[in-house]
Amino acid sequence: MAFASYSFLIFLAALLVVYYTVPGRVQWVFLLAGSLLFYLGSGWQNLVYMLLTATSTYAATRLMERNQRVFDRKTAKLRNRGWLLLCLGLNFGLLGVCKLRLTFEDLLLPMGISFYMFQSMGYVLDVYRGSQRAEGNPAKLLLFVSYFPQLIQGPISRFSELGPRLLASHPRNEEQISFGLQRILWGYFKKLVIADRIAPAVAALRGPEHTGLSFLVLTVFYAIQIYGDFTGGIDIAIGVSETLGIRLPENFVRPFFSKNTAEYWRRWHITLGAWMKDYIFYPVSVSAPLRKLSKAARRRWPKFGKRLPVYAASLATWCCTGIWHGVTPNFLLWGLLNCGVIVISGELTPLYEKFHSRFHLREKGWYGGFEMLRTFFLMNLIRIVDLFPDVGEYFRRLGSLFTSWYVPFSDLGLTGLDYGILFLGCMLLFAVSLLQERKGSIRELLWEHTRLRYILMFLLFLTVLLMGNYGIGYEPGNFIYNQF
């Protein structure tokens, strides 16, 4: 069941009626039933994968907690490490098989498997570390694994944060429901009016004949598409959860306003970055083998040896992040490029500071805009590798940037009306984002202005209805992150 479908809207409306009718103490039961029904819409085979993850997660964490009660600390840790490795191996092995799409008959990537898998394995690791108690009710744990708003796009949540919210009683709150519906509508605007309208041009520009300036245009168009698609899907997910009284963490915070790559990755896919930092970067950087290697390296290269754990942990983190997106050379290259830019930028920070103190550029009003544009185009040139599984083709296009200055805008599958709608849509998106950056939540600012709020919501609804990219053969459910 896709977010951008009539069946989903009917499903959500029916669930909300039931959810706010039943007693609060059993709301979570109906939420679980609704989540399983939602996922069943993608095929019963996919539900088997999820149930396998939930079952192995429940069994491993319960056994870990039992070992902590029965055995001494050293023995319990040794036994728990075995259960941890078995659970991680089983689930990430399953994820790897699905990602590789081996020659098993009819093997497809189950919807949202990366998201619920990482969320579940984060919970297992927290129980192993002792920072989280194991949930004793398998149905409650299954709700955490299967909670439907975040299945398709994320965000990736922690059990310590999301679990209590899922199980709590949620009386109907008109403000919260209104906020949720507003955010859902804004998500549909991003998805249907912007991302799906520009998609044909992105597909056309991927053709081998489009080199030179056309490749630079492709990087910008793809940035618009992927931002509208990703953040639109997250807005819908967070908005749906908000109508149920359950808050999900933010996943994107206006990343195109970033002034450097490190800031960009603090604003883009925030929960995946936090997961990688907590479960890959920190454990690798403080691991015993790496500490020994760092100590040995410091004897000969003091500065390099001191920074070695950061380099190694960054490399491991970005390789894993690339593989999370896809087990293909282009996604591995994508991870390595991001790692290289961030590490090099970090190492050059003292030189940047000297340069800025010498010329006082940060005191000039235009320089902040320049930093944003610089980061925007740099990240675009790295991100576009997503579209080129043939890494050699990516570098060929990159090398052609200054060989041709012609862009056949009239041959990209878009009409003049399409370009006009895209321009106005992007301007509206920029204006809203700028207002959010400066003033905070627009929904809260408008809450006291009831008439204005309803007028703006109605106008946005008409915009989505009249300017959304519909048509023969159109499949609005195809969010880009479905493939992950």
Side-chain angles (χ1 to χ4, degrees), residues 57 60-61 64-65 67-68 71-93 95-96 114 117-134 156-161 249 260-266 268-325 332 335-350:
T57 297
T61 53
M64 288 179 191
E65 193 162 73
N67 289 339
Q68 290 169 356
F71 299 102
D72 62 82
R73 185 176 180 180
K74 183 177 180 180
T75 304
K77 185 175 182 179
L78 185 62
R79 288 174 175 263
N80 286 349
R81 185 176 299 166
W83 288 117
L84 172 68
L85 294 176
L86 180 61
C87 188
L88 294 178
L90 172 65
N91 285 282
F92 283 133
L95 178 61
S114 292
M117 191 78 75
F118 271 54
Q119 184 162 290
S120 301
M121 295 305 99
Y123 164 72
V124 173
L125 286 162
D126 286 342
V127 173
Y128 171 76
R129 293 173 173 178
S131 60
Q132 173 65 53
R133 291 290 304 274
I156 301 170
S157 301
R158 298 288 185 88
F159 187 85
S160 58
E161 298 172 351
N260 54 65
T261 52
E263 181 187 358
Y264 177 89
W265 282 111
R266 289 194 296 269
W268 181 281
H269 212 326
I270 298 167
T271 58
L272 176 63
W275 197 99
M276 291 292 178
K277 179 178 66 175
D278 290 345
Y279 301 115
I280 303 293
F281 182 87
Y282 287 147
V284 170
S285 63
V286 300
S287 63
L290 197 54
R291 289 203 308 269
K292 292 179 181 178
L293 184 60
S294 174
K295 184 177 179 180
R298 282 200 299 268
R299 298 191 187 103
R300 189 165 184 178
W301 305 287
K303 186 176 179 180
F304 172 78
K306 185 179 180 180
R307 299 287 294 167
L308 182 58
V310 175
Y311 299 151
S314 297
L315 182 62
T317 300
W318 281 105
C319 284
C320 289
T321 305
I323 292 171
W324 180 88
H325 286 84
L332 183 59
L336 292 174
L337 288 173
N338 276 290
C339 178
V341 168
I342 290 174
V343 169
I344 292 172
S345 297
E347 292 303 308
L348 294 178
T349 296

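Between Lys74 and Leu78 the shortest side-chain heavy-atom distance does not fall below 4.5 Å. Residues Cys87 and Asn91 meet the side-chain proximity criterion, which asks for heavy atoms closer than 4.5 Å. Put simply, the side chain of Tyr311 reaches to within 4.5 Å of the side chain of Glu347, judged on heavy atoms. Using a 4.5 Å heavy-atom cutoff, the side chains of Met276 and Phe281 are not in contact. When side chains are defined from C-beta on, Leu272 counts as touching His325, because their heavy atoms get closer than 4.5 Å. Contact check for Arg298 versus Phe304: no side-chain heavy atoms found under the 4.5 Å cut-off. Looking at heavy atoms from C-beta onward, Met121 lies in side-chain contact with Thr57 at the 4.5 angstrom threshold. At a threshold of 4.5 Å between non-hydrogen side-chain atoms, the residues Leu290 and Ser287 count as touching.
Qualifying side chain to side chain donor-acceptor pair (under 3.5 Å) partners for Arg79, counting only residues two or more places apart in sequence or in other chains: none.
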Item to check | CA sep, side-chain torsions, deciding dist, call: Tyr279, Asp126, side-chain hydrogen bond (donor to acceptor under 3.5 Å, both in side chains) | outcome: CA-CA 9 Å; Tyr279 301 115; Asp126 286 342; 2.8 Å; yes
Checklist entry - Can you check side-chain contact (heavy atoms from CB on, under 4.5 Å) on Leu336 and Leu315, steps first, answer last? => result CA-CA 7 Å; Leu336 292 174; Leu315 182 62; 3.5 Å; yes
Checklist entry - Checking side-chain hydrogen bond (donor to acceptor under 3.5 Å, both in side chains) for the pair Gln68/Tyr128: CA distance, chi angles, key distance, verdict? => result CA-CA 10 Å; Gln68 290 169 356; Tyr128 171 76; over 6 Å; no
Item to check | Intermediate values then yes/no, ring pair (Phe, Tyr, Trp, His ring centres under 6.0 Å), Trp318 and Trp265 | outcome: CA-CA 12 Å; Trp318 281 105; Trp265 282 111; 5.0 Å; yes
Checklist entry - Between Leu293 and Leu308, is a side-chain contact (heavy atoms from CB on, under 4.5 Å) present by the stated rule, with each step listed? => result CA-CA 8 Å; Leu293 184 60; Leu308 182 58; 3.6 Å; yes
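Expressed to the nearest 0.5 Å, how far CG of Leu332 lies from CG of Leu337 amounts to 9.5 Å. Note that the CZ atom of Arg133 and the CE atom of Met64 stand 14.5 Å from one another [nearest 0.5 Å]. In this structure, CG in Leu90 is found 11.5 Å from CG in Leu95, a value given to the nearest 0.5 Å. Once rounded to the nearest 0.5 Å, the distance linking CG of Leu88 with OG of Ser120 reads 11.0 Å. Distance check, rounded to the nearest 0.5 Å: OG of Ser114 to CD1 of Ile323 gives 12.0 Å. Note that the OG atom of Ser157 and the CH2 atom of Trp275 stand 14.0 Å from one another [nearest 0.5 Å].
The shortest heavy-atom contact between Glu65 and Ala134 is OE2-N, 3.1 Å. Taking both residues in full, the closest heavy atoms of Ala313 and Thr317 are given as O-OG1, 2.7 Å, listed atom of the first, atom of the second, then distance. Of all heavy-atom pairs spanning Pro309 and Ser294, the tightest one is CD-OG, 3.6 Å.
Within the 3.5 Å criterion, the main-chain N or O of Phe71 finds no donor-acceptor partner in the side chain of Thr75. Looking at Gln119, its side chain never comes within 3.5 Å of a backbone N or O of Ile156 through a donor-acceptor pair.
Tested against Thr61 for a side chain to side chain contact (heavy atoms under 4.5 Å, CB included), the candidates Asn80, Leu84, Val127 yield a single pass: Val127.
A centroid separation of less than 6.0 Å is found between the aromatic rings of Trp324 and His269. Aromatic ring centres of Phe118 and Tyr123 lie farther apart than the 6.0 Å criterion allows.
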